[in-house]
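Read the structure below first, then the notes.
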Amino acid sequence: MKKINIAIDGPAAAGKSTAAKKVAEKLNYIYIDTGAMYRSLTYKALENGVDVEDGKALAELLYRTEIRLMSGECGQVVFVDGEDVTGKIREREVTNSVSAVSKHRTVREEMVKRQQALAKGGGIVMDGRDIGTRVLPDAELKIFLLASVDERAERRHAENLAKGIPSNLNELKREIEERDRLDSEREVSPLCKAKDAVELDTTHLGIEEVADKILELAREKIAQ
Ligand code: CDP
Ligand code: CDP
């Protein structure tokens with residue numbers, strides 16, 4: 001059967017990775033979380049005391065850093081230079097610095113190169129901010145996931161509480177809004193909907209409904 005590439009973009013906590021993982025599982029495709037790659041570099045920069053405003057130093061750090069995304073029994077596992085950073089890259093300090101790191105052209109060029117190499121064989125579901133516009137402009141299916149900021153903050157808040165992570169809903173909402181602003185206003189590959197992307201507002205949709213809608217669209221493309 002024909003294998004297509006699926007690009008899923010959208011703002012923070014819109015449900016991209018949850019949907020992407022489900023769709024990949026159902027189609028037996030490979031899921032690639034590009035946010036985890038930017039988070040990994042941010043983690044490494046903070047560990048090494050590299051200034052998040054210094055694009056040249058960040059790119060040099062990235063060139064010598066190996067980032068591996070692997071699927072484990074309990075979901076995706078992320079290794080940076082052999083260290084399991086799966087939990088660490090979701091911590092607040094990383095989350096609140098990642099947009100600064102990801103705005104640099106030098107960093108993005110190297111990341112895009114790596115992401116395109118990973119997607120070469122097809123059968124990929126990739127999520128991020130610039131997948132439909134920059135990384136996989138020829139993807140057969142592009143989805144732009146949205147949800148109101150209140151709903152997105154609620155979702156992350158619930159997720160934090162379920163994991164036993166201290167969480168303040170109002171702060172979370174402010175941080176999400178700030179990250180969306182930085183990601184949307186940056187000069188290089190800002191967060192925006194590709195012209196040929198299908199927009200899906202998930203504010204009132206459950207996880208399964210979102211995944212089913214994407215699967216329906218994917219199956220149409222596969223059959224074409
Ligand atoms: O899961 P969440 O929506 O919180 O974020 P993520 O997908 O893990 O992405 C973390 C950050 O990485 C984003 O806020 C962007 O600054 C950056 N990113 C990007 O610039 N381009 C991508 N393709 C993916 C992520
Ligand atoms: O990848 P992204 O940051 O866009 O979002 P996510 O990590 O997939 O989803 C954020 C949270 O919202 C997770 O805890 C999901 O389980 C939850 N979610 C939801 O409650 N309803 C949806 N329709 C989608 C996601």
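For the numbers below, each heavy atom of this structure counts, side chains included, while hydrogens, waters and symmetry mates do not. We count ligands from 1, going down the list as the structure has it; atoms in each ligand are counted the same way. This chain uses plain numbering: 1 for the first residue, then up along the sequence.
Under a hydrophobic-cluster definition in which Ile, Leu, Val, Met, Phe, Trp and Tyr are linked whenever side-chain heavy atoms come within less than 4.5 Å, directly or via other members, M37 and L61 are assigned to the same cluster. The same ILVMFWY cluster, assembled from side-chain heavy atoms under 4.5 Å apart, contains both L215 and L205.
Applying the 6.0 Å contact sphere to CD of E187 captures no more than 12 heavy atoms from other residues, nucleotides or ligands. The number of heavy-atom neighbours closer than 6.0 Å to NZ of K3, taken from other residues, nucleotides and ligands shown, is above 12. Applying the 6.0 Å contact sphere to CD of E199 captures more than 12 heavy atoms from other residues, nucleotides or ligands.
Ligand 1 is surrounded by A12, A13, K16, T34, G35, Y38, R39, R90, V98, S99, S102, R108, G128, R129, D130, I131, R156, R179, D183, R186, each with at least one heavy atom closer than 4.0 Å.
A 4.5 Å side-chain heavy-atom check between E208 and K22 finds at least one atom pair inside the cut-off. Put simply, the side chain of S189 does not reach to within 4.5 Å of the side chain of R129, judged on heavy atoms.
If you number the atoms of ligand 2 from 1 as listed, the ones under 4.0 Å from a heavy atom of V210 come out as 23 (N). Listed by atom number, the atoms of ligand 2 under 4.0 Å from G206 heavy atoms are 23 (N).
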